[in-house]
Number of protein chains: 2
Amino acid sequence: MTQQESPRKLYLEIVKQLRTMIEKDGLKAGDKIPSERELSERLNAGRSSVREALRALELLGLIETRRGEGTFIRDFRGNQLVQLLSTFILQDEKAKKDVIETKYLIEIDCLQTVLDKSDKGQIGRLKQWAIEHTYEDGEFFSRIAEFADNHLIFRIWEILKDYYHSLDLHDYQPTKQQYIDLAEALEKGDFELVLASYRKLRNLSA
Amino acid sequence: MTQQESPRKLYLEIVKQLRTMIEKDGLKAGDKIPSERELSERLNAGRSSVREALRALELLGLIETRRGEGTFIRDFRGNQLVQLLSTFILQDEKAKKDVIETKYLIEIDCLQTVLDKSDKGQIGRLKQWAIEHTYEDGEFFSRIAEFADNHLIFRIWEILKDYYHSLDLHDYQPTKQQYIDLAEALEKGDFELVLASYRKLRNLSA
DNA sequence: AAAGAAAACGTGGTCTGACCACCTGGTAAA
DNA sequence: TTTACCAGGTGGTCAGACCACGTTTTCTTT
């Protein structure tokens, strides 16, 4: 009765315990986790169950296994998972639309947030960077999302970005000037202007 | 010899073949796929390898396994991928603030979206419901998120809601009238008014 | 003593066969 | 007809055995 919580799928339980273990031991990206055999022993489970958990995490891009060496924690930025999902799931037209829409919403949220709490200096540097460098769309908005100083929404945005890219619909390529315009709008602190710039950049109707 | 293409991870190869098989046989959500033993035979692989592939797909929410019955294709739209990722990402304590902030942002996004594409009838019914029933905060916004007709953002919102609740900071309880006000603001189609109502309901400063 | 080659060890990758727990459907008993 | 039961199929798990590949250690050879 102590564990009606999760006596169901052992491998899910192992995933959970792995997470706990990683947290407790303060393991970070690049660190090595115990071998399958040792985990099997420590967690009191069969090696195959441990492997099922590891495979799942691997497919999500959370860990990386190297034959002959071991299993390592990865810098979670799902890329192969996205590819898999895209070929598997995203046939659904509606889901595509949702991804696009949501990405735009989140990006606007980030712009709003940056406007609310970034200082002029930061935005000024962003503008300078926008002027002086060449970059891809992802790079630019990655900065925006970072400046929003909200790690969670940054993560969400990253996932959405990956989904978005996997859709392969780079139909509209913003010009460099449009990025600069957006940065300048941020600098002026006028949200309406920011919104207008963003819509132009994304080629959206009002 | 026929497939040196991907001698890397067998389970990934199996995932691929499963995808092909599903596509070729025209299997849809709810359909049953062959048993692990049969797959093992047909794909010329050990059952454990087949299982590793299935577990990965399960964690992605692409299939569902029922003991004693079999393995079934799932309606993959908004799987638990985000869920899983967040449990890994949200370990950070500092993330609390982010959760709150992000939840608010997403809620406003939903309100905005509802405003953009919901018809008057829907909103009218929402208002009626808001007046005639009692409900919890989650229930109300669950409806909002649904009306936004964006499954993905609904999922994201659900996760944020769960995390929000787990933070245990139900410091402010909106009144019923505030929900009704919000619904009425939606009905009027004035976003500024909606925003003001929302902020009041959430006890936020402008 | 230093450098290189060979063996030993540890690790993930895979397969096999064996149980268990559970569900389903058919059959026998009431 | 209804009920009870049981056999077969299915996923869940485990243990042990190899293999392939890196790393480390050991032992030659120079």
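Sequence lines set the chain letters: A, B, ... in the order given, protein chains first and strands last, and positions in each chain run from 1.
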Atom-to-atom span, [atom1] of [X] to [atom2] of [N] - whole angstrom:
{"X": "Leu43(B)", "N": "dT14(C)", "atom1": "CG", "atom2": "C1'", "answer": "15 Å"}
{"X": "Ile33(B)", "N": "dG9(D)", "atom1": "CD1", "atom2": "C1'", "answer": "15 Å"}
{"X": "Ile63(A)", "N": "dT11(C)", "atom1": "CD1", "atom2": "P", "answer": "15 Å"}
{"X": "Leu54(B)", "N": "dT13(D)", "atom1": "CG", "atom2": "C1'", "answer": "15 Å"}
{"X": "Tyr11(A)", "N": "dG11(D)", "atom1": "OH", "atom2": "P", "answer": "14 Å"}
{"X": "Glu52(B)", "N": "dG11(D)", "atom1": "CD", "atom2": "P", "answer": "16 Å"}
{"X": "Glu13(A)", "N": "dC14(D)", "atom1": "CD", "atom2": "P", "answer": "12 Å"}
{"X": "Glu64(B)", "N": "dT10(D)", "atom1": "CD", "atom2": "C1'", "answer": "14 Å"}

Counting heavy atoms from C-beta on, name the nucleotide in [options] closest to the side chain of [X].
{"X": "Arg67(B)", "options": "dT10(D), dC22(C), dC14(D)", "value": "dC22(C)"}
{"X": "Leu10(A)", "options": "dG12(D), dA17(D), dC14(D)", "value": "dC14(D)"}
{"X": "Arg47(B)", "options": "dG11(D), dT10(D), dG12(C)", "value": "dG11(D)"}
{"X": "Ala45(A)", "options": "dG11(D), dC14(D), dG12(C)", "value": "dC14(D)"}

Exercise. Could you pick out which residue, Arg51(A) or Gly68(A), lies toward the 5' side of DNA chain C when each is mapped onto its nearest nucleotide?
Key: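 The residue closer to the strand's 5' end, by nearest nucleotide, is Gly68(A).
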
Quiz item: Between Glu69(B) and Pro34(A), which is nearer to the 5' end of DNA chain C once each is assigned its nearest nucleotide?
Solution: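 Counting from the 5' end, the first nearest nucleotide belongs to Pro34(A).
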
Practice problem: Measure from NZ or CZ of Arg66(B) to the centre of the six-membered ring of Phe72(B), then state whether that distance is under 6.0 Å and the direction lies within 45° of the axis. | Solution: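 Positive - Arg66(B) is close enough to the ring of Phe72(B) and near enough to its axis.
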
Exercise. Would you tell me whether Lys161(A) and Ser142(A) have side-chain atoms, one donor and one acceptor, within less than 3.5 Å of each other?
Key: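 Not at all, the side chains of Lys161(A) and Ser142(A) share no donor-acceptor pair under 3.5 Å.
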
Quiz prompt | Pair Thr65(A)-Glu58(A), side-chain donor/acceptor within less than 3.5 Å | solution =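 Side-chain D/A pair, Thr65(A) to Glu58(A): present.
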
Quiz item: What pair of heavy atoms forms the shortest contact from Tyr179(A) to Asp137(A), and how long is it?
Solution: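 So the two residues come closest at OH-OD1, 2.6 Å.
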
Self-check item: Presence of donor-acceptor pair under 3.5 Å, side chain of Arg55(A) and base of dG13(C)
Solution: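 Looking at the base of dG13(C), it does not pair with any donor or acceptor on the side chain of Arg55(A) (distance under 3.5 Å).
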
Practice problem: Please confirm whether any donor atom in the side chain of Arg37(A) sits under 3.5 Å from an acceptor in the base of dG10(C), or the reverse. | Solution: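 No.
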
Are OP1 or OP2 of [N] and a side-chain N or O of [X] less than 4.0 angstrom apart?
{"X": "Thr71(B)", "N": "dG11(D)", "answer": "yes"}
{"X": "Ser49(B)", "N": "dC15(C)", "answer": "yes"}
{"X": "Ser48(A)", "N": "dA15(D)", "answer": "no"}
{"X": "Thr65(B)", "N": "dG12(D)", "answer": "yes"}

Quiz item: Above 12 or not: heavy atoms from other molecules or residues under 6.0 Å from CD of Glu132(B)?
Solution: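 Result for CD/Glu132(B): enclosed.
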
Tell me what [X] touches on the nucleic acid: a base, only sugar-phosphate, or nothing, going by heavy atoms under 4.0 Å.
{"X": "Ser40(A)", "value": "nothing"}
{"X": "Arg66(B)", "value": "sugar-phosphate"}
{"X": "Gly46(A)", "value": "sugar-phosphate"}

Quiz item: So, Lys32(B) and Glu69(B), do they make that salt bridge, N to O below 4.0 Å?
Solution: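 Glu69(B) and Lys32(B): not salt-bridged.
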
